[in-house]
Amino acid sequence: MQLLETLINGSLIGGLYGLIGLGLSINFGTMRVVHLAHGDLIVLASYLFVVALVPAGVPPLVAGLIVVPVMFAAGWLIQRVLVGPSLGRGILPPLIVTFGLSMVLQNLLLLVATADPRTLHSSLASAGVHLGSITISTVRLLDAAAGLACLALLLLLLGRTALGRALRATSDDLDTARLMGIDPRRMYGAAAGIAAATGGVAGMLFAATFTVSPSRGSELLLVAFEVVVVGGLGSLTGTFLGGMLLAIAQLLGAQLFGPNNALLTAHVVVLLVLVFRPQGLMPRTAP
Amino acid sequence: MNPLAGRGPYLRGAIIAVAVAVLVSCPMWGGDGVRTTLIVFAYYAALAQMWNLLAGYAGLVTFGHQLFIGLGGYTLAVGAERLGFGVWPSFAAAAVVCGALAVPVGALTFRLRGGYFAVGSWLVAEVFRLAFSSSSYLGNANGMFIRPARSVDPWLVYYIAIGVFIAIVGLVVAMLRSRAGLALMAIRDAEDAAAGLGVHVWRLKLIAFVIAAAGTGLVGALLAVYTPFVQPDAAFSIKWSAEASFMAVVGGIGTVEGPILGTAIYVVLQNELGGRGEIHLIVLGAVSIIVMLLAPGGIAGTLRDRLGWTLFPLGRRPPPRAG
């Protein structure tokens with residue numbers, strides 16, 4: 001029974017982890033950049049949500065409608081001003097720029113909001129649904145629902161809209177896309193904005209599900225990396241499978257080896273996947 | 001036209017000889033404060049040089065290099081404190097352990113390319129940090145004191161630090177001037193083209209990775225002798241990679257003198273900003289971004305472009321055409 005509860009909880013949290021990885025995957029899929037500040041952007045969204053907006057009396061749902069566009073704008077701006085100018089000169093410049101941004105964001109948050117852990121204080125956080133002897137918290141159901149909704153929206157956007165076609169064209173063949181009148185800088189800006197917006201949703205859910213502090217940005221970057229690698233590079237759907245595997249590994253690790261070893265267990269599982277199945281669970285090129 | 005033209009070899013020899021003489025004669029003119037500053041400079045410069053060998057020459061940008069700082073430190077701690085092998089045999093063992101462990105770590109992380117390699121190596125360092133934190137033999141999250149290192153003469157630590165620094169610079173210069181160095185730079189500039197010309201890309205990257213791991217292991221062990229203390233969160237901190245990348249980028253990535261110049265700037269900056277950790281790291285991040293966007297060659301690269309002169313010449317000219 002406990003195992004079943006772990007599997008259910010793991011799958012639900014996996015939806016949130018998949019969402020965390022989605023942004024990293026979008027950035028890499030369009031411009032081949034591993035955005036090392038992605039975890040810190042997620043934490044920034046958490047802080048906007050639980051430190052700036054909700055305590056000021058803004059209802060959580062309205063706060064969400066503010067955070068997502070703000071994060072889109074932040075992602076777009078970072079792309080146009082910092083990451084974009086570093087592209088085209090090899091792998092080093094975008095890595096140094098996004099890593100530097102990660103250090104700046106993380107430590108600015110530490111200065112402004114201190115290292116105290118924060119969480120969303122609302123009736124939502126303690127509510128639960130009873131299924132026989134198993135209790136599932138509402139927040140975790142919301143994690144999975146929101147994660148899958150974001151994935152579905154993104155797949156629709158990429159597959160069915162003109163913007164999506166242009167994004168895929170830029171990813172597949174930059175030069176030909178340019179010949180067809182697509183401006184890659186606009187595409188990169190849109191992709192980075194969308195990635196940061198998914199990070200905005202992830203940040204709010206993360207703050208509602210767990211506690212958040214500035215230093216968790218690095219941990220979230222590693223989560224994003226792990227679900228992308230486990231899911232299969234370039235596969236957006238695989239990211240969610242990776243998220244579930246990671247979350248289940250963490251919960252089982254906590255049960256078997258103690259709560260202190262939850263992260264370690266998940267990391268080791270990821271390294272084992274890299275040893276035995278380096279292409280990930282769902283290998284595919286960009287969708 | 002160029003004030004330095006034709007005087008290269010003499011000027012270089014003179015600068016290097018004076019620098020070495022100043023460092024070696026330090027006990028005659030410097031006090032404890034100078035000694036401390038120069039020890040810090042030496043281990044940071046050695047770390048930055050090793051990071052630069054990977055990122056600037058082998059095309060391996062890593063944010064997991066703290067793995068070898070931590071592993072070197074713990075090798076020394078276990079050897080000297082737990083097993084009683086003595087401080088200096090354990091110090092040498094740190095290089096061997098780190099070099100040996102770099103083989104499986106490299107074999108695994110080289111499956112990831114570019115930015116994913118950078119994060120993948122970070123993940124491996126995290127695994128070691130968490131595993132060492134839950135090992136009671138290693139003192140859990142509290143780490144361990146290295147009592148045998150307390151009685152080491154600080155001037156001996158100084159000479160070992162300077163020795164490690166000079167040996168690492170010499171090794172890097174020798175390696176880069178060899179055939180293997182040319183092949184490494186070819187990999188960095190165009191990996192597929194280098195492979196097409198018969199360069200053993202994977203093997204050469206692994207050799208560079210092992211050398212950088214062994215050198216960084218010595219830095220970690222040196223730090224453990226100097227402190228004398230190891231603790232997992234500090235030893236395996238991402239801070240080491242952040243500092244190494246800052247020093248290499250600001251000084252000039254892909255040059256040998258760059259990381260040395262970058263370290264000098266870093267040590268001055270650290271003394272100025274010492275108090276608050278957050279402001280210190282914000283400055284490091286912001287300066288790295290600005291240099292990367294506005295002067296990607298760093299100080300050494302900009303000087304090379306302006307003066308056409310470098311302290312450690314590694315460039316090659318094509319042979320003159322026949323006829």
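So that the names make sense, note that chain A is the first sequence line, chain B the second, and so on, each numbered from 1.
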Quick one: of [options], who has the most non-hydrogen atom pairs under 4.5 Å with chain B?
| options | answer |
| --- | --- |
| A/S86, A/S102, A/P85, A/P93 | A/P93 |
| A/L110, A/V275, A/L108, A/V270 | A/V275 |
| A/P94, A/P214, A/G90, A/G100 | A/G100 |

Got [X] and [Y] here, is their nearest side-chain heavy-atom distance under 4.5 Å?
| X | Y | answer |
| --- | --- | --- |
| A/F225 | B/L112 | yes |
| B/L284 | A/V104 | no |
| B/W122 | A/L221 | yes |
| A/H267 | B/L123 | yes |

Side chain, backbone, both or neither of [X] within contact of chain B (heavy atoms, under 4.5 Å):
| X | answer |
| --- | --- |
| A/V112 | neither |
| A/L105 | neither |
| A/E226 | side chain |
| A/V33 | neither |

Under 6.0 Å from the [atom1] atom of [X], do we count more than 12 heavy atoms belonging to anything else shown?
| X | atom1 | result |
| --- | --- | --- |
| A/R277 | CZ | yes |
| A/F276 | CZ | no |
| B/R111 | CZ | yes |

Quick check for you: to the nearest 0.5 Å, what is the distance between [X] atom [atom1] and [Y] atom [atom2]?
| X | Y | atom1 | atom2 | result |
| --- | --- | --- | --- | --- |
| B/I279 | A/L111 | CD1 | CG | 5.5 Å |
| B/E278 | A/T114 | CD | OG1 | 10.0 Å |
| A/L92 | B/I253 | CG | CD1 | 4.5 Å |
| A/I91 | B/L60 | CD1 | CG | 7.5 Å |
| B/L293 | A/R89 | CG | CZ | 7.0 Å |
| A/F99 | B/S245 | CZ | OG | 5.5 Å |

Counting only non-hydrogen atoms closer than 4.5 Å, does [X] touch chain A with its backbone (N, CA, C, O), its side chain (CB onward), both, or neither?
| X | value |
| --- | --- |
| B/V249 | side chain |
| B/F246 | neither |
| B/A118 | side chain |
| B/S134 | side chain |

**OP:** Name all residues meeting the side chain to side chain donor-acceptor pair (under 3.5 Å) criterion together with B/E126; count only those two or more places apart in sequence or in a different chain, and write none if there are none.
**Re:** B/R129

Subject >> Residues from residues 48-56 of chain B approaching chain A under 4.5 Å (heavy atoms) >> reply: B/W51, B/A55

Original post:
Between B/Y116 and A/F28, does a side-chain contact (heavy atoms from CB on, under 4.5 Å) hold up when you go through it step by step?
Top reply: CA-CA 10 Å; B/Y116 284 122; A/F28 189 77; 3.5 Å; yes

**OP:** Tabulate, in ascending numerical order, the residues of residues 239-264 of chain A having at least one heavy atom closer than 4.5 Å to a heavy atom of chain B, or enter 'none'.
**Re:** A/N261, A/L263, A/L264

Original post:
Picking from B/A286, B/S288, B/A242, which has the most non-hydrogen pairs under 4.5 angstrom with chain A?
Top reply: B/A242

**OP:** Determine the minimum heavy-atom distance between A/M103 and B/G285, stating which atoms define it.
**Re:** CE-N, 3.7 Å

Subject >> Selection residues 57-71 of chain B - residue pairs positive for side chain to side chain donor-acceptor pair (under 3.5 Å), sequence neighbours left out >> reply: B/T62-B/S121, B/H65-B/T216, B/Q66-B/S241

